[in-house]
Peer 1: 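Take this structure first; my questions come after.
Whatever order the structure lists ligands and atoms in, that order sets their numbers, starting from 1. No experiment lies behind these values; they were computed from the predicted model shown.
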Amino acid sequence: MNAKRLSRFLPPFLFAILMQFVAFFTLTHAAVAPTGDHLALLAIKSMIKVDPQGVMTSWNHSVTNFCQWQGVTCGSRHHRVFILDLSSSGLVGTLSPSVGNLSFLRIFVLSNNSFSGEIPPETGRLFRLQVLHLNNNSFTGNIPATIMNCSNLEFLILGYNNLVGKIPDGIGLLRKLEIVFLQKNILEGGIPPIISNLTLLETLYLGNCQLGGSIPDVFQRLTNLRTIAVHDNNLTGTIPPSFYNCSSLELVFLDHNQLKGRLHENLGLKLPHLQVET
Ligand SMILES: *[C@@H]1O[C@H](CO)[C@@H](O)[C@H](O)[C@H]1NC(C)=O
Ligand SMILES: *[C@@H]1O[C@H](CO)[C@@H](O)[C@H](O)[C@H]1NC(C)=O
Ligand SMILES: *[C@@H]1O[C@H](CO)[C@@H](O)[C@H](O)[C@H]1NC(C)=O
Ligand SMILES: *[C@@H]1O[C@H](CO)[C@@H](O)[C@H](O)[C@H]1NC(C)=O
Ligand SMILES: *[C@@H]1O[C@H](CO)[C@@H](O)[C@H](O)[C@H]1NC(C)=O
Ligand SMILES: *[C@@H]1O[C@H](CO)[C@@H](O)[C@H](O)[C@H]1NC(C)=O
Ligand SMILES: *[C@@H]1O[C@H](CO)[C@@H](O)[C@H](O)[C@H]1NC(C)=O
Ligand SMILES: *[C@@H]1O[C@H](CO)[C@@H](O)[C@H](O)[C@H]1NC(C)=O
């Protein structure tokens, strides 16, 4: 029986109440039906081969509210994943490209696991992402160039992996970056001069990355930089002049390179907050 015919048999007020009930039921039902996020999380689970701590036991079809799955936090207003944190869980597997479907994701942490394979280029679709923390896994391949589309990124933490290739120039577009941690990868090329655009940068860890070339003279605009670690690379040349103007610097690690010359004599005067100098 359709709504029009039904309305003939019921007094108008009762019909109105009935229709509201139907609308309410439809809405409630829609909220628990599988959504894009639900499917994306199941796809992520399907690529995880070993789960020694059983953290993904709660990730199953019988539990329709994925917001209650371990490691998943949803926003209070939308039924969408805001945080996905599976750190230090002993997980072995690869990262599903479906992660790019979690379009409300802000914080994504997989550190201290054994994920291998590439960081899916689809990660670049997460335009709300603020924290990408994949430290200490076995990710291979390049740092995806698509990451330049994550324009809200504040923490880019990809250290202790097996990433290769250059640091993409697109990193210069990530104007909100505060922490860049790429330490211990197998990169090539040098420190991209475009980092001069990252004026909010506080921490730059590029140690043990097999980087070559000279340290670019880009410190003029990096007025928030407190820590720079570029030790254990193949950097050549001298310490650039603008480095001595970077008065916010507190920690500096330059050792184990082929840098020429010595640090400025009055370094303490020029960089008043400096604690460690190597
Ligand atoms: C992810 O989104 C793409 C494009 O919208 C779609 O084709 C795909 O089926 C989605 N994957 C999952 C697991 O939901
Ligand atoms: C599904 O999740 C529920 C709730 O966490 C759990 O009790 C149950 O064992 C899970 N089922 C499977 C097959 O893992
Ligand atoms: C990497 O993760 C393993 C396992 O959680 C941990 O034992 C190790 O200390 C971590 N290493 C780093 C550099 O974080
Ligand atoms: C990763 O492991 C290291 C060493 O055990 C620990 O210090 C760090 O807090 C862990 N990181 C995360 C995000 O769990
Ligand atoms: C970034 O996003 C734009 C618009 O969505 C798209 O056209 C472009 O291909 C993306 N760039 C990369 C490198 O993925
Ligand atoms: C870097 O900043 C300069 C000056 O603000 C701007 O002209 C240039 O387009 C920026 N480049 C990138 C890749 O963000
Ligand atoms: C420096 O370069 C040489 C020759 O290319 C290479 O053998 C060595 O491993 C590099 N050292 C570092 C710390 O990257
Ligand atoms: C350092 O700062 C001073 C004062 O702001 C400026 O005159 C000078 O040109 C700067 N030097 C370098 C190398 O950036």
Peer 1: Looking at R226 and E202, is there a salt bridge between them, counting it only when a charged N and a carboxylate O are closer than 4.0 Å?
Peer 2: yes
Peer 1: Using a 4.0 Å heavy-atom cut-off, which part of N101 comes near ligand 1: side chain, backbone, both, or neither?
Peer 2: side chain
Peer 1: Please tell me whether Y244 and L254 are part of a single hydrophobic cluster in this structure, the criterion being side-chain heavy atoms less than 4.5 Å apart.
Peer 2: yes
Peer 1: Would you list the pairs meeting disulfide bond (SG atoms under 2.5 Å apart) in which at least one residue belongs to residues 47-83, sequence neighbours left out?
Peer 2: C67-C74
Peer 1: Kindly confirm or rule out an N or O of R125 lying under 3.5 angstrom from an N or O of ligand 1.
Peer 2: no
Peer 1: Of the options V230, I167, N233, which is the one that meets I191 in a side chain to side chain contact (heavy atoms under 4.5 Å, CB included)?
Peer 2: V230
Peer 1: Under a 3.5 Å threshold, I'd like every N/O contact between ligand 3 and protein atoms, with atom names and distance.
Peer 2:
| unit_1 | atom_1 | unit_2 | atom_2 | d |
| --- | --- | --- | --- | --- |
| ligand 3 | 2 (O) | N136 | ND2 | 2.3 |
| ligand 3 | 11 (N) | N136 | ND2 | 2.8 |
| ligand 3 | 14 (O) | N136 | ND2 | 3.2 |

Peer 1: Could you check whether W59 and H38 have their ring centres less than 6.0 Å apart?
Peer 2: no
Peer 1: Look up atom CD1 in I157 and atom OG1 in T203, then write down how far apart they are to the nearest 0.5 Å.
Peer 2: 9.0 Å
Peer 1: Which value, rounded to the nearest 0.5 Å, describes the distance between L132 atom CG and L134 atom CG?
Peer 2: 4.0 Å
